[in-house]
Amino acid sequence: MKILVCVKAVPLSESNFQINETGDFYEESSLKYQVNEYDLYAMEEAVRTKERLEDVEITGVMVGPPPRMEQLRKALALGADEGLLMDDSVRPARDAFSVASSVASFARGRHFDMVFCGFMSEDLMQAQTGPMLAEMLGFSCATTVVSCDTSGLENETKGLVYCERELEGGIVEKVELELPAVMTVQSGINTPRYASLSNVLRVKEMEISLISVADLYSGGPAENIVRAGLPQTTGQCEFLEGDAEGVALELIEKIRARTQVV
Amino acid sequence: MGKEIFVVATAGIEGLDPVSLEVTAFAKTWAEAVGAQVRGVCLQSPGGELSADFANRSGLHVYSLEHEILSLYNAETWLQALCWLIKEKKPSKIIMPHTARGWDFAPRLAVRSKASCSTAVTAFQPDGPEGLWRRICGGKLELLVKPAKEGLRVITVMPGAAKPKGPERSGEVEALTPEVDEPRSKTLGHVRHSKGELDLGRAEVIVAAGRGIGGPDHLGEVKELASCFDRSAVGASRPVVDSKWLPLEHQVGQTGQTVSPKLYLALGISGAIQHTIGMKDSDLIVAVNKDPKAPIFNTAHLGVVKDLHEFLPVLTSKIKERKSNK
């Protein structure tokens with residue numbers, strides 16, 4: 001069984017984001033990066049599936065510039081067998097269609113049975129790449145998966161996987177997916193392991209292929225960014241300044257004046 | 001291609017999702033700005049009530065795609081039915097809520113119908129032809145996006161992006177039968193995860209913990225503060241529930257509960273839009289966070305930029321002092 005995991009490197013969420021010089025994205029040069037949280041869950045889910053079933057090979061892929069190789073290795077170190085970086089440094093892939101097209105181009109003909117993706121990236125927050133990839137490959141798809149039951153595959157019955165999708169309002173949707181399938185995972189599906197030292201060392205030595213996105217997908221972006229901006233604040237937030245005691249007293253007074261709950 | 005904007009309504013086990021009416025309001029305002037017409041779209045089994053309900057509450061002319069196979073939501077059948085409708089009616093835009101219903105099929109619909117796809121949109125560009133705004137980086141920045149090519153656009157709209165308006169008159173339903181086959185993958189049913197005993201909607205004061213409280217060991221401080229108020233409850237942001245510091249029943253936000261208490265205290269919560277949707281209508285929102293750029297301050301009325309562990313105990317003790325002095 002072959003599993004593909006899509007991984008993205010994103011800036012730390014607590015970063016101080018500034019708009020770049022061209023005014024169309026966040027300034028990237030001074031940022032620190034980490035593996036997209038949702039993709040860690042995706043890789044963890046793939047590794048758990050591998051532990052449950054026999055004869056499973058996990059391939060991790062990332063679209064990004066070569067410096068992000070570090071984050072790809074971090075994700076692979078959870079237990080993947082091979083990795084590939086699709087280098088987009090010539091023209092950064094900021095739209096999901098380009099990313100999905102690149103991954104689809106790689107995946108076609110390689111007979112993956114399952115694809116795990118994070119449900120969205122922490123920076124662009126679009127939640128498009130996974131489902132687009134499914135459509136491009138002609139795979140089944142379930143998004144915001146919070147539980148994935150592959151036990152049916154142990155008996156080699158028909159290739160069916162049972163997923164639970166998280167909907168709003170505490171409702172969960174149960175789906176039966178026919179393989180091959182793409183599953184995008186939501187937080188809460190699992191708690192990723194700490195990579196074992198042996199895996200970290202193995203991945204450190206691993207030859208990770210590098211391929212240019214241009215060799216996989218030569219169409220342009222499907223969506224263009226016109227400009228980046230700071231969201232309008234309502235301007236309504238009044239900041240209370242001073243030492244803790246003074247601020248606490250002032251806060252209590254304002255709460256009392258406006259709501260009478262204290 | 002015509003100039004019609006289609007609003008695809010979604011439904012849960014309790015019927016029409018109210019967010020469909022927000023999307024309707026968004027579409028109507030956008031349609032006015034670009035000189036287009038809005039039509040509703042519902043998918044249901046023949047004889048279902050959803051389409052009539054949507055037509056009444058939205059005032060739209062609703063295309064009711066009816067087929068036995070459509071009785072339960074399924075991404076594949078929805079894709080087939082909507083692609084069929086797109087071929088028949090050639091809309092310029094097709095819009096749905098950015099919820100687990102909408103984002104499940106919107107990107108796939110875009111690929112299949114060779115359309116562009118913009119998701120989690122919060123506003124259209126009022127002074128320009130076709131741009132859409134969307135938030136990134138946890139809400140700290142926003143981008144204005146446009147499709148790279150002409151053609152159909154598939155769009156999902158963030159809940160809370162527009163306020164639903166009662167229609168001037170009821171719409172009407174036009175039943176259509178799309179071509180739909182049995183899907184390969186099946187929807188088996190729905191389960192409601194127990195909401196537990198906690199109904200946050202009854203609380204007058206909600207003290208909500210975010211990742212910034214630092215760990216489950218610090219929940220005691222949060223609970224102590226909550227206990228200073230009558231009719232209070234402890235809330236939580238999603239990361240706190242995912243990390244299992246608090247159970248699901250405390251979660252406030254898009255996938256948790258929506259609340260509007262008299263006082264909402266957001267402690268160590270960054271304020272991503274998925275959370276603020278669930279509490280932005282609270283009478284008074286107070287945010288405490290050591291990051292002055294946390295997006296929560298765009299929603300809060302009062303802001304305190306301090307370390308929670310220094311500030312909370314002081315706040316709690318001052319409230320208690322005040323109570324004992326009364």
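Small disclaimer: the values here were computed from a predicted structure and weren't measured. These values consider heavy atoms only, across backbone and side chains, with no hydrogens, waters or symmetry-generated copies. Proteins get letters first, then strands, A, B, ... in listed order; numbering begins at 1 in each.
- Both the backbone and the side chain of B/Ser118 come within contact range of chain A, each with at least one heavy atom under 4.5 Å from a heavy atom of that chain.
- If you measure heavy-atom distances from B/Arg135 to chain A, the contacts under 4.5 Å come from both the backbone and the side chain.
- Looking at A/Ala228, the atoms closer than 4.5 Å to chain B (heavy atoms on both sides) sit in the backbone and in the side chain alike.
- Ion pairing between a basic and an acidic side chain is recognised when a charged N comes within 4.0 Å of a carboxylate O; B/Arg101 and A/Glu168 show no such pairing.
- Contacts between A/Ala142 and chain B at a heavy-atom distance below 4.5 Å involve the backbone alone (N, CA, C, O).
- B/Tyr73 and B/Phe105 have tilted rings, their planes meeting at an angle from 30° to 60° on a 0 to 90° scale.
- Side-chain contact annotation: B/Thr10 with B/Asp17, donor-acceptor N/O pair under 3.5 Å present.
- In this structure, the side chain of A/Thr144 does not engage the main chain of A/Gln186 through any donor-acceptor pair within 3.5 Å.
- No part of A/Thr184 comes within reach of chain B, as not one of its non-hydrogen atoms sits under 4.5 angstrom from that chain.
- At a 4.5 Å heavy-atom cutoff, the contact between B/Ile13 and chain A is made by side-chain atoms alone.
- Contact annotation for B/Ile285: neither backbone nor side-chain heavy atoms come within less than 4.5 Å of a heavy atom of chain A.
- With a 4.5 angstrom heavy-atom cutoff, A/Asn16 touches chain B only via side-chain atoms.
- Under the 3.5 Å distance criterion, the side-chain polar atoms of A/Asp39 are matched with a main-chain donor or acceptor of A/Gly118.
- At a 4.5 Å heavy-atom cutoff, the contact between B/Val286 and chain A is made by side-chain atoms alone.
- When heavy atoms are compared at a cutoff of 4.5 Å, A/Glu241 does not approach chain B at all.
- Defined by atom type and a distance below 3.5 Å, a donor-acceptor pair is missing between the side-chain atoms of A/Tyr33 and A/Gln71.
- Counting heavy-atom pairs under 4.5 Å between each of B/Thr119, B/Asp291, B/Leu144 and chain A puts B/Leu144 at the top.
- Looking at A/Glu250, neither its backbone nor its side chain comes within 4.5 Å of chain B, counting heavy atoms on both sides.
- For the residue pair B/Asp104 / A/Thr143, a side-chain donor-acceptor distance below 3.5 Å is found, with atom types taken as modelled.
- Between the side chain of A/Gln236 and the backbone N or O of B/Thr299 there is at least one donor-acceptor pair closer than 3.5 Å.
- Contacts between B/Val205 and chain A at a heavy-atom distance below 4.5 Å involve the side chain alone, from C-beta outward.
- Taking the six-membered ring for Trp and the full ring otherwise, the centers of A/Phe239 and B/Phe297 sit less than 6.0 Å from each other.
- Per-residue counts of heavy-atom pairs under 4.5 Å with chain A were compared for B/Ile319, B/Asp230, B/Thr316, B/Ile136; the largest is that of B/Ile136.
- Interface residue B/Lys293: only side-chain heavy atoms are found under 4.5 Å from chain A.
- A donor atom on one side chain and an acceptor atom on the other are not found under 3.5 Å apart for B/Ser317 and B/Glu321.
- For a residue to count as touching a neighbouring chain, one of its non-hydrogen atoms must lie under 4.5 Å from one of that chain's; by this rule B/Lys306 touches chain A with the side chain only.
- Of the listed residues (B/Arg231, B/Glu204, B/His98, B/Arg238), the greatest number of heavy-atom pairs within a distance under 4.5 Å of chain A belongs to B/Arg238.
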